[in-house]
Amino acid sequence: MQIILDELGRLETETVRQIAEAGTLETLEELRVGVLGKKGRLTAILRGLKDLTVDQKRDVGGRANQLKTKLEDLIVSRREELMGASSEAGLIDITLPGRPLRYGHRHLVTVVMDQIIDIFQRMGFEIADGPDIETDYYNFSALNFPPDHPARDEQDTFYVEGDRLLRTHTSGVQVREFEKRRPPVKIIAPGLVFRNEAVNTRAHCVFHQVEGFYVDTDVSFSDLKGVLEAFVYEFFGPGVEMRYRPSFFPFTEPSAEVDIRCFLCGGKGCQVCKHEGWLEILGSGMIDPAVFKNVGYDSERVSGFAFGMGVERTAMLRYQVNDIRLLFENDIRFIRQIR
Ligand code: DAH
């Protein structure tokens, strides 16, 4: 009987130490099974009690059961300590504040496109669109581009097959709408355009344009000026000076490009305006009678103006973006800066 009591003593010393030293929940569980499990050392001792006399059973049995309770309690509290430690190590920290959800927002190009559209809608322009894959007729011929015009070169235009091409500008929508309607026609046509050009800081092979055109009896160049000046005032803010520079487009006569006073340097000259003090924002003009003839309008009875602007360029000027590629790369660090 003394042998069993000695055995219990040793088991107690050893197990108490091992419980205190157990570093993980797994080690602790192995220890518990090894001592208190079905085939555990203490369980074996308790089972052996049946061979003893009644008195011996009382002494040894009492002692063994005490030990069992003591070890179970120690294991439970050690388990709690270990679980507390793992949450302190950052695995589960129920006191951490929640992570805020980041909301998405519209891309800068979409924002600027919508601003431009909104301004012209308020001046009574309707919205139309045309196909990205256009025919030579709508993109060039009907707009009075001669057969040997350099823009028709494969170096400038992406051809798809036959006479189909990716439209190089939104001006073709003029022809499509004139064919469908009779004057008065007052429309803006936003959309994607494509140019077979090397990509650099200022030019891209894909970008957006907004085309605008107004045809009615007695539409004059001063109507064009009034609409463009109202646009510049609304979009760039009051007090921004603008000028018209004579230009040439096959589908307008006379033609003018519009510049605004560089609002970054006030005209003194800076990197953005290339030290010219002026920034070009769009092309425009009075619609050429040759275009009216192609759509069956009588240029003796009606007249009209048209204009076209690049959306990315306008966005870059307005928000001081110095590389057009930033608008296409979708680098989240850039996108998050502008809402
Ligand atoms: N389509 C021209 C371009 O892509 C821009 C343009 C110039 C549009 C004059 C017009 C216009 O409507 O009248 O560069």
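None of the values given here were measured: they were computed from a predicted structure. Heavy atoms only: backbone and side chains are in, while hydrogens, waters and symmetry mates are out. Whatever order the structure lists ligands and atoms in, that order sets their numbers, starting from 1.
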Q) Considering only heavy atoms, which protein residues lie less than 4.0 Å from any atom of ligand 1? A) H169, S171, Q174, R195, Q209, E211, F249, F251, T252, G283, S284, G285, A306, F307, G308
Q) Which word best sums up how the rings of F231 and F235 line up, parallel for under 30°, tilted for 30 to 60°, or perpendicular for over 60°? A) parallel
Q) Are the ring centres of H149 and F140 closer than 6.0 Å? A) no
**Q.** Residue list, salt bridge (Lys or Arg N to Asp or Glu O under 4.0 Å) with D216, at least two apart or on another chain
**A.** none
(Q) Would R176 pass as a cation-pi partner of Y138, given that its NZ or CZ must be under 6.0 Å from the six-membered ring centre and within 45 degrees of the axis? (A) yes
Q) Would you say S303's side chain and V219's backbone share a donor-acceptor pair under 3.5 angstrom? A) yes
Q: May I ask you to decide if the ring planes of F305 and Y214 are parallel, tilted or perpendicular, using 30° and 60° as cut-offs?
A: perpendicular
